[in-house]
Amino acid sequence: MKTNYLKKYIISSYILVWALIIFVAGTASLVFHAPPVIMWIVRNLIAWSPTYLLLIGWKHFRPDKTRTVFVKRCFSGKVKLLPLLCSFALTFGISVLALFIFSVIMGKPMLSYIDFGTTALPLSIFLSFTSGPTGEELGWRGFMREEFNKRYGFLKSSVCQGLVWCFWHTLLWAVDSEFTDWRAIPYIISNIVVITCMTVLMNIFLERDNNLIYSVLLHFGFNIIYVFLEAGIGFFVILIILYLVITPIAIFVRNKTAERFL
């Protein structure tokens, strides 16, 4: 019977991240009462778990290839300045637009929902960049994308990847969110929709030029605003609507572009 390496990796990644959240982050917070910056560093270390798992347990997921060949392939595509800027601007711009709409509805300035906190801005940006954007992509858009693409077409593969990535965050919805009442429902729906749509957008870039730098910047463009954001649940509802409008447009453009070169 042929081993399902993708299934092994997904199950292992879930077990590992949940164990790290409970035993490492939980201990640091509840036992040692670590300050916010230390907890941020701990979360960053946990965010790298898909990469730790893949590289340390490599022989269990890709016994027929070497790590070096795989990593080189993940960054083999050309890096072009305009698409690179667009990958960051796309997700960052959607979040800014959602915040603008939310601020108009609430009748308050956009900046009233931004809190730069006590951590120095350069350090906040650095810690945000070295979290999920650099820590998760080798596993999700590197290994997992390749494996799903072997099985399914572009859209089904992207949705499957998005759902796996989305529910990998499940425990964080409970322990790292202020929305613990009825607002948890639209918040969870937002996570499912937005993360799945983001995966589709990432894969459009990676399909053109197979280089994870694009997905890293797209991921970073999404994450960075949430470092400083203090908005109500209405913001996340607006975000759902925007992604459900923009992602089908991106798919349509992608399909039309593909038809042009057939």
Side-chain angles (χ1 to χ4, degrees), residues 3-26 28 38-77 79 84 87-88 91 125-150 157-158 160-172 176 191 195-196 198-199 201-203 205-206 209-224 226-227:
T3 303
N4 189 329
Y5 295 110
L6 176 60
K7 184 178 180 179
K8 285 179 64 176
Y9 177 73
I10 291 171
I11 293 173
S12 300
S13 67
Y14 274 50
I15 293 172
L16 178 59
V17 75
W18 291 350
L20 290 173
I21 291 171
I22 293 169
F23 295 109
V24 178
I38 299 301
M39 286 304 302
W40 198 341
I41 293 171
V42 170
R43 288 196 298 270
N44 280 19
L45 293 173
I46 292 173
W48 277 76
S49 61
T51 297
Y52 307 147
L53 177 67
L54 182 64
L55 297 182
I56 295 173
W58 180 259
K59 66 179 181 179
H60 298 290
F61 309 119
R62 278 283 175 87
D64 58 330
K65 294 182 176 65
T66 66
R67 295 176 180 86
T68 303
V69 169
F70 167 73
V71 172
K72 284 183 177 179
R73 184 168 65 249
C74 288
F75 294 92
S76 60
V79 177
L84 201 63
S87 64
F88 173 83
T91 47
I125 294 173
F126 173 77
L127 289 174
S128 178
F129 185 71
T130 54
S131 181
T134 49
E136 298 175 23
E137 291 306 308
L138 195 64
W140 301 146
R141 252 60 61 184
F143 177 78
M144 190 168 68
R145 174 174 169 266
E146 284 189 356
E147 292 298 313
F148 270 118
N149 283 353
K150 292 175 184 177
S157 172
S158 297
C160 289
Q161 294 166 50
L163 291 175
V164 171
W165 182 29
C166 166
F167 288 107
W168 181 79
H169 295 83
T170 301
L171 196 56
L172 292 175
D176 196 31
N191 273 268
I195 290 177
T196 303
M198 275 179 56
T199 304
L201 297 174
M202 286 175 171
N203 288 345
F205 281 92
L206 293 174
D209 296 290
N210 187 43
N211 194 310
L212 293 184
I213 292 177
Y214 291 105
S215 61
V216 166
L217 282 186
L218 194 146
H219 195 160
F220 178 57
F222 176 79
N223 276 19
I224 185 60
Y226 300 94
V227 174

List in chain and number order the residues that pass ring pair (Phe, Tyr, Trp, His ring centres under 6.0 Å) with [X], two or more places apart in sequence or in another chain; answer none if no residue qualifies.
X    : result
F126 : none
F88  : F92, F220
F205 : none
Y214 : none

Any donor-acceptor N/O pair, [X] side chain to [Y] backbone, under 3.5 Å:
X    : Y    : result
Y5   : P63  : no
N211 : I213 : yes
S131 : L127 : no
T134 : F129 : yes
T91  : L218 : yes

Report summary line: Shortest non-hydrogen pair, L138 vs L54, comes out as O-CD2, 3.7 Å
For a 4.5 angstrom cut-off between non-hydrogen side-chain atoms, does [X] reach [Y]?
X    : Y    : value
I224 : I125 : yes
I22  : L171 : yes
T199 : R141 : yes

Report summary line: Residue pairs meeting side-chain hydrogen bond (donor to acceptor under 3.5 Å, both in side chains), one or both in residues 160-169, sequence neighbours left out, come to E136-W165, S157-Q161, Q161-N203
Set of residues satisfying side chain to side chain donor-acceptor pair (under 3.5 Å) with respect to [X], sequence neighbours excluded:
X    : value
T130 : N44
K150 : E147
S13  : none
Y226 : S95

**Report entry** Option from Y14, F143, W58 for which ring-ring contact (aromatic ring centres under 6.0 Å, His included) with Y9 holds
**Finding:** F143
Query - Qualifying salt bridge (charged side-chain N to carboxylate O under 4.0 Å, His left out) pairs, either residue in residues 64-77, two or more places apart - result: R73-E146
Requested in this report: Given side chain to side chain contact (heavy atoms under 4.5 Å, CB included), test F61 with S12 step by step and report yes or no.
Outcome: CA-CA 10 Å; F61 309 119; S12 300; 4.2 Å; yes
Report task. Using the test salt bridge (charged side-chain N to carboxylate O under 4.0 Å, His left out), find all partners of R145 that sit at least two apart in sequence or belong to another chain. Result -> none
**Report entry** Residues in side chain to side chain contact (heavy atoms under 4.5 Å, CB included) contact with I11, at least two apart in sequence or another chain
**Finding:** K7, I15
